[in-house]
Amino acid sequence: MVAVAPPVGSEADPLSTLDALESEAIHVLREAAGEFDRPVILFSGGKDSTLLVWLAIKAFWPAPVPFPLLHVDTGHNFPEVLEFRDRLVAEHGLRLVVAEVEHWLADGRLVERPDGTRNPLQTVPLLDSIAEHRFDAVFGGGRRDEERARAKERVFSPRDSFGQWEPRRQRPELWNLYNGRHQPGEHVRVFPLSNWTELDVWAYIAREGVPLPSLYFAHEREVFARDGMLLTSGPWGGPRDGEAVRRATIRYRTVGDGSCTGAVESTASTVDEVIDEVAASRLTERGATRADDRLSEAAMEDRKREGYF
């Protein structure tokens with residue numbers, strides 16, 4: 001009789017779903033570190049990229065993380081996120097490369113958008129930084145449940161010499177075998193969290209005690225409504241005429257450019273309370289709180305084709 005392995009997470013196999021996801025992500029991180037010469041982790045200070053850093057620390061412990069972090073700073077980041085970024089880097093002895101959008105605006109390589117949003121402006125600094133530092137593998141925190149275009153990715157997702165993504169170039173990935181071959185000048189985006197959901201991320205954060213920026217938890221803040229979202233004023237501008245400011249108890253489900261990242265009204269001040277809230281939600285965090293994903297039905301896919309995260 002042929003023995004059949006029990007399903008992961010069954011009573012016969014105590015390996016939990018989180019253990020399996022962690023094991024897969026660590027395998028991907030180690031595989032890329034062995035296959036590529038100059039990997040880098042895209043780091044925004046958000047929960048997914050922070051989780052990537054946490055997994056990288058576990059993957060290579062007790063050695064230091066063998067590749068740097070790359071943060072594309074729009075100049076419209078929340079102060080709490082920048083403080084968290086610098087604290088995390090210092091605590092774990094990480095290397096940080098910062099590409100400031102302001103520098104590209106100052107020398108004319110970019111121009112401000114009429115709507116004041118800088119999130120789409122990150123693509124050029126990102127690709128320029130990849131080329132300058134000759135990064136050949138770029139880890140991202142993309143998950144397949146957050147946006148439809150993400151679901152078209154593979155774990156190893158090749159980009160051409162212009163940093164552009166083409167769905168038809170995606171390669172089969174069978175039996176956890178990943179193909180990182182690429183031509184000179186090209187690079188590969190690597191997504192260790194491909195099989196995670198937002199709820200998985202929060203459950204793992206709870207289990208491991210992963211630190212996060214305070215924005216993810218309920219706090220009082222002055223906000224105004226725009227296009228069905230709650231925004232807060234800052235260096236990115238706002239509110240406009242007719243947009244009334246009020247004080248509310250809110251939290252952020254995702255953190256990014258302050259001009260297009262909305263908050264949700266919430267009293268969830270602990271990880272467990274956030275998990276309960278996320279479990280009851282029927283919208284992903286990007287669909288609920290990212291204005292740049294509402295520009296068109298294919299907004300994310302269009303940006304990915306240009307070289308976006």
Side-chain angles (χ1 to χ4, degrees), residues 43-51 71-88 115-120 122 141 143 145-147 196-206 209-295 299-300 309:
F43 185 74
S44 67
K47 65 184 185 306
D48 298 327
S49 61
T50 299
L51 176 56
H71 181 209
V72 181
D73 183 355
T74 66
H76 288 173
N77 294 99
F78 294 98
E80 296 94 327
V81 175
L82 296 180
E83 292 167 8
F84 172 79
R85 176 199 71 183
D86 294 340
R87 185 169 65 251
L88 185 74
D115 60 8
T117 299
R118 287 187 179 176
N119 213 49
Q122 295 178 88
R143 307 185 325 266
D145 73 319
E146 61 180 323
E147 206 278 337
W196 296 60
T197 66
E198 183 184 9
L199 197 56
D200 292 329
V201 169
W202 277 106
Y204 190 83
I205 287 168
V210 180
L212 291 176
S214 59
L215 288 173
Y216 279 109
F217 304 100
H219 59 285
E220 281 198 0
R221 206 179 194 96
E222 288 188 347
V223 295
F224 56 91
R226 179 183 298 167
D227 298 329
M229 296 193 308
L230 295 178
L231 302 177
T232 187
S233 60
W236 46 86
R240 299 169 184 162
D241 291 341
E243 294 177 335
V245 175
R246 64 184 177 91
R247 197 158 187 85
T249 301
I250 56 96
R251 73 176 192 87
Y252 287 86
R253 288 181 66 184
T254 180
V255 298
D257 188 84
S259 64
C260 63
T261 303
V264 293
E265 294 199 69
S266 170
T267 58
S269 59
T270 68
V271 173
D272 288 340
E273 290 173 347
V274 170
I275 288 174
D276 291 340
E277 189 178 272
V278 170
S281 175
R282 292 296 175 265
L283 281 175
T284 67
E285 69 270 42
R286 293 195 69 93
T289 63
R290 292 297 288 270
D292 52 332
D293 286 347
R294 302 182 180 189
L295 295 175
M300 172 62 80
F309 300 163

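Each residue takes its place number in the sequence, starting with 1. Here the structure is a predicted model, which is why all the values come from computation and not from measurement. Reckoned from all heavy atoms, side chains included, excluding hydrogens, waters and symmetry mates.
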* Would you mind reporting whether Leu231 and Val223 have side-chain heavy atoms less than 4.5 Å apart? => no

* To do: Looking only at non-hydrogen atoms, find the nearest pair between Phe217 and Thr270 and report the distance.
  => CE2-C, 3.9 Å

* Structure fact -> All heavy atoms of Pro213 vs all of Gly45, minimum pair found to be CG-O, 3.1 Å

* Only counting residues at least two apart or in another chain, list the ones meeting salt bridge (charged side-chain N to carboxylate O under 4.0 Å, His left out) with Arg85. => none

* Residues that Ser266 engages under side chain to side chain donor-acceptor pair (under 3.5 Å), provided they are two or more places apart -> Glu277

* Structure fact -> Residues at least two apart in sequence or cross-chain that pass side chain to side chain donor-acceptor pair (under 3.5 Å) with Thr50, listed by chain then number, are none

* Would Ser281 and Arg253 count as a side chain to side chain donor-acceptor pair (under 3.5 Å) if you check the C-alpha gap in whole Å, the side-chain angles of each, and the deciding distance to 0.1 Å? -> CA-CA 11 Å; Ser281 175; Arg253 288 181 66 184; 3.2 Å; yes

* Which atom pair, heavy atoms only, marks the closest approach of Val245 to Pro239? -> CG2-CG, 3.5 Å

* Can you name the nearest heavy-atom pair linking Ala206 to Ile275, along with the distance? -> CB-CD1, 3.9 Å

* Stepwise salt bridge (Lys or Arg N to Asp or Glu O under 4.0 Å) check, Glu220 with Arg251 -> CA-CA 8 Å; Glu220 281 198 0; Arg251 73 176 192 87; over 6 Å; no

* To do: Name all residues meeting the ring-ring contact (aromatic ring centres under 6.0 Å, His included) criterion together with Phe224; count only those two or more places apart in sequence or in a different chain, and write none if there are none.
  => none

* To do: Any chance you could measure Asp257, atom CG, to His76, atom NE2, to the nearest 0.5 Å?
  => 6.0 Å

* Which atom of Trp236 lies closest to which atom of Gly258, heavy atoms considered -> NE1-O, 3.5 Å

* Structure fact -> To the nearest 0.5 Å, atom CD1 of Ile250 lies from atom OG1 of Thr232 at 7.0 Å

* Under the salt bridge (charged side-chain N to carboxylate O under 4.0 Å, His left out) rule, collect the residues that match up with Glu222, sequence neighbours excluded. => none

* Heavy-atom donor-acceptor pair, Gln122 side chain to Asn119 backbone, under 3.5 Å -> yes

* Asked: Do any pairs count as a ring-ring contact (aromatic ring centres under 6.0 Å, His included) and have a residue in residues 257-280, sequence neighbours left out, and if so which ones?
  -> none

* To do: Output all residues satisfying ring-ring contact (aromatic ring centres under 6.0 Å, His included) with Tyr216, sequence neighbours left out; order by chain, then residue number.
  => Trp202

* Asked: Which pairs, with at least one residue in residues 250-276 and sequence neighbours excluded, count as a ring-ring contact (aromatic ring centres under 6.0 Å, His included)?
  -> Phe78-Tyr252

* Asked: Can you find a heavy atom in the side chain of Leu230 that is under 4.5 Å from one in the side chain of Val264?
  -> no

* Asked: Please walk me through it: do His219 and Thr249 pass side chain to side chain contact (heavy atoms under 4.5 Å, CB included)?
  -> CA-CA 5 Å; His219 59 285; Thr249 301; over 6 Å; no

* Asked: Taking the side chain from Thr117 and the backbone from Cys260, do they hold a donor-acceptor pair closer than 3.5 Å?
  -> no

* Going through the checks in order, is the side chain to side chain contact (heavy atoms under 4.5 Å, CB included) test met by Leu215 and Arg221? -> CA-CA 10 Å; Leu215 288 173; Arg221 206 179 194 96; 3.4 Å; yes

* Who are the side chain to side chain donor-acceptor pair (under 3.5 Å) partners of Glu273, not counting sequence neighbours? -> Ser269

* Structure fact -> The salt bridge (charged side-chain N to carboxylate O under 4.0 Å, His left out) partners of Glu243 (sequence neighbours excluded) come to Arg226

* Structure fact -> Thr197 meets the side chain to side chain contact (heavy atoms under 4.5 Å, CB included) criterion, sequence neighbours left out, with Asp145, Leu199, Asp200

* Phe43 to Leu88 - nearest heavy-atom pair and separation -> CZ-CD2, 3.6 Å

* Asked: Can you check whether Val255's main-chain N or O pairs, donor with acceptor, with Lys47's side chain at less than 3.5 Å?
  -> no

* Structure fact -> Arg246 meets the salt bridge (charged side-chain N to carboxylate O under 4.0 Å, His left out) criterion, sequence neighbours left out, with Glu265

